[in-house]
Amino acid sequence: MELNKEDMKIENNKVVGLTYELKVSKTEDEIESAPFSVEVRDTEDPFYFLFGQSGLPGKFEELLGGQSEGEEFSFTLSVEEAYGEADDELIINLPKSQFSGEQGFKKEMLEEGNFLPLMDENGYPMQAKILKDLGEDLLLDFNHPLVGFDLHFDGKVIEVREATKEEIEHGHIHGEHGTDH
């Protein structure tokens, strides 16, 4: 018996392809700012992930669970459901000598306001925003760039398929979005 594509619902160990626009807004003193767009994933560059291991806030996956290919979605994650508030402990002074040419950092990458591409101790990519150039040191913010924001997602499920054994073992997708690590 062939599985009807329409019957394929988003659940653990399914590979999901989405197109969406992400807008963010901040609420300060009970006044919400107008949402502005920070990311658009269209059919040219959809977002693929292994459900249960997207790296996105749990609530994002929870709200997508059970949807089928072709369904549209629109929801908002509050700050608490998304990346939470900024954590002052993640604002750190580091000596500039750690970001030398030998490590692949160019001088123009070390300007205030830039995001530095870094790796955590497990080799996962992360980024830190340069808040201030202190001469010998840099003041870096390791908070996720979207802390403190409500996230508004509008999009469509464009594909749901079974994950391969390798994808499940490795916890990420091969090839489709070019971020193998």
Side-chain angles (χ1 to χ4, degrees), residues 6 8-12 14-92 108-120 124-133 138-161 171-173 176-179 181:
E6 283 67 62
M8 186 79 78
K9 291 204 180 324
I10 296 179
E11 57 193 18
N12 274 351
K14 294 280 193 285
V15 170
V16 183
L18 305 177
T19 55
Y20 63 78
E21 179 176 17
L22 167 58
K23 293 181 174 161
V24 300
S25 59
K26 239 183 175 42
T27 305
E28 289 184 45
D29 305 327
E30 320 243 320
I31 299 161
E32 180 154 34
S33 68
F36 62 93
S37 181
V38 292
E39 186 182 20
V40 175
R41 300 298 289 261
D42 56 19
T43 48
E44 299 280 295
D45 177 31
F47 175 63
Y48 279 95
F49 67 98
L50 185 58
F51 192 76
Q53 308 203 36
S54 69
L56 286 158
K59 188 73 177 172
F60 175 84
E61 291 198 350
E62 194 184 306
L63 290 166
L64 281 176
Q67 291 203 325
S68 308
E69 203 163 293
E71 280 192 64
E72 297 191 352
F73 57 88
S74 178
F75 52 76
T76 296
L77 302 184
S78 68
V79 170
E80 295 71 34
E81 294 165 338
Y83 293 101
E85 298 290 356
D87 180 350
D88 291 343
E89 288 182 10
L90 293 176
I91 296 175
I92 301 167
E108 58 270 22
M109 290 168 77
L110 303 181
E111 289 168 11
E112 290 179 12
N114 285 355
F115 282 96
L116 284 177
L118 303 168
M119 294 266 181
D120 68 12
Y124 285 106
M126 60 187 294
Q127 52 184 11
K129 185 176 186 180
I130 302 175
L131 297 180
K132 207 158 181 50
D133 184 338
L138 291 173
L139 184 60
L140 298 178
D141 184 352
F142 283 88
N143 281 292
H144 190 283
L146 295 174
V147 293
F149 286 104
D150 295 327
L151 310 185
H152 308 264
F153 287 93
D154 284 290
K156 186 173 182 180
V157 180
I158 58 165
E159 189 180 350
V160 182
R161 66 168 172 81
H172 61 88
I173 319 302
E176 278 173 275
H177 56 63
T179 54
H181 44 244

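Heavy atoms only: backbone and side chains are in, while hydrogens, waters and symmetry mates are out.
Between Leu140 and Leu131, the closest side-chain pair of non-hydrogen atoms is not below 4.5 Å. With a 4.5 Å cut-off on side-chain heavy atoms, Leu90 and Val147 do not count as touching. Counting heavy atoms from C-beta outward, Phe153 and Leu64 have side chains that stay 4.5 Å or more apart. The shortest distance between side-chain heavy atoms of Asp45 and Val40 does not fall below 4.5 Å. Contact check for Ser68 versus Lys9: side-chain heavy atoms found under the 4.5 Å cut-off. At a threshold of 4.5 Å between non-hydrogen side-chain atoms, the residues Ile158 and Leu18 do not count as touching.
Separation of atoms CG (Leu56) and CG (Leu146) is listed at 9.5 Å; rounding is to 0.5 Å. With rounding to the nearest 0.5 angstrom, the CD atom of Glu71 is 10.5 Å from the NZ atom of Lys156. For the atom pair CZ of Phe36 and NE2 of His152, the computed distance is 10.0 Å after rounding to the nearest 0.5 Å. Residue Ile130 holds its CD1 atom at 4.0 Å from CG of Leu116, rounded to the nearest 0.5 Å.
Side chains of Ser37 and Lys23: no donor on one and acceptor on the other come within 3.5 Å. A side-chain donor-acceptor contact under 3.5 Å links Asp154 and Ser74.
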Inset, instruction - Given side-chain contact (heavy atoms from CB on, under 4.5 Å), test Phe142 with Leu118 step by step and report yes or no. - result: CA-CA 10 Å; Phe142 283 88; Leu118 303 168; 3.5 Å; yes
Inset, instruction - Go through the steps to decide whether Phe75 and Lys59 satisfy the test side-chain contact (heavy atoms from CB on, under 4.5 Å), and finish with yes or no. - result: CA-CA 10 Å; Phe75 52 76; Lys59 188 73 177 172; over 6 Å; no
Inset, instruction - Could you go through the side-chain contact (heavy atoms from CB on, under 4.5 Å) check for Lys14 and Met8 one step at a time? - result: CA-CA 9 Å; Lys14 294 280 193 285; Met8 186 79 78; 3.1 Å; yes
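Residue Lys132 places its NZ atom among 12 or fewer non-hydrogen atoms of other residues, nucleotides or ligands, all under 6.0 Å distant. More than 12 heavy-atom neighbours from other residues, nucleotides or ligands sit within 6.0 angstrom of CD on Glu32. Within a 6.0 Å sphere centred on CD of Glu111, other residues, nucleotides and ligands contribute more than 12 heavy atoms.
The backbone N or O of Thr43 lies less than 3.5 Å from no partner atom in the side chain of Thr19, so there is not a single donor-acceptor pair. No donor-acceptor pair closer than 3.5 Å links the side chain of Asp29 to the backbone N or O of Ile31. Checking side-chain atoms of Asp141 against main-chain N and O of Lys129 turns up no donor-acceptor pair under 3.5 Å. Without hydrogens or angle criteria, Glu81 side chain to Ser78 main chain gives a donor-acceptor distance under 3.5 Å. Although no hydrogens or angles enter the test, the distance criterion places a donor-acceptor pair under 3.5 Å between the side chain of Asp150 and the main chain of Val79. Side-chain atoms of Glu61 come within 3.5 Å of backbone atoms of Gly52 as a donor-acceptor pair (strictly under, hydrogens ignored). Put simply, the side chain of Gln67 never gets that close to the backbone of Phe73: no donor and acceptor are under 3.5 Å apart. Proximity of a side-chain donor or acceptor of Asn114 to a complementary backbone N or O of Met109 within less than 3.5 Å is detected.
Of all heavy-atom pairs between Pro145 and Gln127, the closest is CG-NE2, 3.0 Å. Among all heavy-atom pairs drawn from Tyr48 and Glu159, the shortest one is OH-OE1, 2.8 Å. Pairing each heavy atom of Leu77 with each of Ala82, the nearest pair is CB-CB, 4.1 Å. Considering every non-hydrogen atom in both Phe47 and Ser54, the closest pair reads CZ-O, 4.4 Å. Residues Ser33 and Ser25 approach most closely at O-CB, 3.4 Å, considering heavy atoms.
The aromatic rings of Tyr83 and His144 sit parallel to each other, their planes meeting at less than 30°, with 60° as the upper class boundary.
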